[in-house]
Amino acid sequence: MRLVVLGGPGAGKGTQAERLSKTLGIACISTGDVLRSAIASGTELGQQVQAKVERGELVPDEAMIQFIRDRLLEPDVTQGWLLEGYPRTAFQAEELDFLLDELNQQLDKAIWLEASSEVLMQRSLSRGRMDDTPDAIQRRIELFQACTTPLLDYYRFRDRLIHINSEQPLEQVEQQILGILGLAN
Ligand code: AP5
């Protein structure tokens, strides 16, 4: 199974990705976690992206595309994966499709977790990460609306989009996703 999880900051992407990757037995690749861990370890990538992540700005497409290209060639993901927080721009989505063609793989579904801006703000503030300041969250909400929502049509047009109301309790969100994937208990 190959899945991507889309949604604004605090929509529950990380929460659901972790649950689904355990349930489905596939690797979860979270670009936000990878970047935060690179920043914490002070790697070259971390130093390059720190200011952008702290301000809630997107990291340049080229860096993210190269990272995913390298990551999807690793042996632990040959049987499936779940991408959390990627793609986030039309360019990233197109490049992912090119990469999957090259690898002779197909994306099964793009899961869109929808929540209002108020819920996104409130959930992100309650978490208190280094990039969870009100200004940075607001910027991430704006960038989600401007850069990522066009991907919803991109995947809808390809008959890949699953739309979930992520304001429901998280167990219900997971059950609904599994139900649509035909994997509910
Ligand atoms: P990233 O970490 O992906 O940040 P984000 O998209 O802003 O999403 P969050 O991690 O804030 O939220 P989430 O949807 O995972 O919600 P969570 O499950 O934690 O990216 C960080 C930064 O990295 C970006 O700003 C950017 O700079 C850079 N970046 C990353 N990917 C990039 C890319 N592809 N291109 C360019 N730049 C990139 O849930 C939030 C809270 O809500 C938790 O406390 C949780 O317990 C709670 N919660 C979740 N679901 C529910 C529910 N159903 N009911 C009640 N509470 C819930």
Side-chain angles (χ1 to χ4, degrees), residues 3-22 28-40 43 45-72 81-97 99 110-152 154 163-178:
L3 303 168
V4 303
V5 185
L6 310 167
K13 297 184 298 297
T15 306
Q16 294 300 329
E18 201 185 324
R19 295 170 79 97
L20 288 168
S21 76
K22 278 192 193 128
C28 170
I29 302 167
S30 160
T31 47
D33 285 353
V34 167
L35 294 173
R36 276 186 293 278
S37 131
I39 292 169
T43 63
L45 173 68
Q47 289 170 23
Q48 279 168 14
V49 302
Q50 180 162 12
K52 286 205 181 293
V53 172
E54 282 175 357
R55 287 200 310 268
E57 298 293 339
L58 292 176
V59 167
D61 279 335
E62 290 69 21
M64 297 313 305
I65 289 166
Q66 189 57 47
F67 166 76
I68 291 291
R69 176 167 277 279
D70 295 341
R71 185 66 184 87
L72 292 191
W81 40 254
L82 192 158
L83 297 182
E84 188 253 300
Y86 188 94
R88 232 174 250 249
T89 63
F91 189 34
Q92 291 180 11
E94 283 165 2
E95 287 294 323
L96 178 62
D97 278 348
L99 175 60
I111 302 166
W112 169 31
L113 300 177
E114 185 181 23
S116 66
S117 299
E118 292 72 29
V119 169
L120 297 181
M121 177 61 81
Q122 178 204 331
R123 284 191 190 160
S124 301
L125 280 175
S126 71
R127 201 179 35 191
R129 275 182 345 211
M130 57 104 172
D131 56 340
D132 285 340
T133 61
D135 285 351
I137 297 165
Q138 185 55 40
R139 184 65 185 139
R140 275 151 55 207
I141 292 174
E142 288 164 10
L143 285 170
F144 172 72
Q145 286 162 350
C147 302
T148 311
T149 56
L151 302 192
L152 306 177
Y154 181 88
H163 179 189
I164 303 282
N165 170 10
S166 75
E167 295 190 12
Q168 306 171 88
L170 50 92
E171 294 78 12
Q172 225 164 298
V173 172
E174 185 188 17
Q175 282 311 309
Q176 208 172 333
I177 297 170
L178 291 173

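Both counts, for ligands and for their atoms, begin at 1 and track the order of listing. By convention here, the first residue in the shown sequence is residue 1.
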Pick whichever of Arg88, Glu57, Lys13, Arg36 has a heavy atom sitting closest to atom 26 (C) of ligand 1.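 Closest candidate by heavy-atom distance is Glu57.
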Say whether Gln122 and Glu118, considering side chains only, have a donor N or O and an acceptor N or O under 3.5 Å apart.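 Gln122 vs Glu118: no donor-acceptor pair found between side chains.
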Work out whether the distance between some heavy atom of Glu84 and some atom of ligand 1 is less than 4.0 Å.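 Glu84: in contact with ligand 1 (<4.0 Å).
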Would you check if Phe67 and Leu35 make a side-chain contact, meaning some heavy-atom pair closer than 4.5 Å?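 No - every pair of side-chain heavy atoms lies 4.5 Å or more apart.
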Where ligand 1 meets Ser166 - atom numbers and elements under 4.0 angstrom, heavy-atom basis: 53 (N)
Element-labelled atoms of ligand 1 that are located less than 4.0 Å from some non-hydrogen atom of Thr31: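 Near Thr31, meaning under 4.0 Å from one of its heavy atoms, ligand 1 has 30 (C), 31 (N), 32 (C), 34 (N).
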So which protein heavy atom does [atom] come closest to, and at what separation?
{"atom": "atom 18 (O) of ligand 1", "answer": "Thr15 OG1, 2.5 Å"}
{"atom": "atom 4 (O) of ligand 1", "answer": "Arg129 NH2, 3.8 Å"}
{"atom": "atom 9 (P) of ligand 1", "answer": "Arg127 NH1, 3.4 Å"}
{"atom": "atom 29 (N) of ligand 1", "answer": "Leu35 CD1, 3.5 Å"}
{"atom": "atom 47 (C) of ligand 1", "answer": "Arg123 CD, 4.0 Å"}

Under 3.5 Å, is there a donor-acceptor pair between the side chain of Lys13 and the main chain of Gly7?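 Indeed, once roles are kept as given, a pair shorter than 3.5 Å links the two residues.
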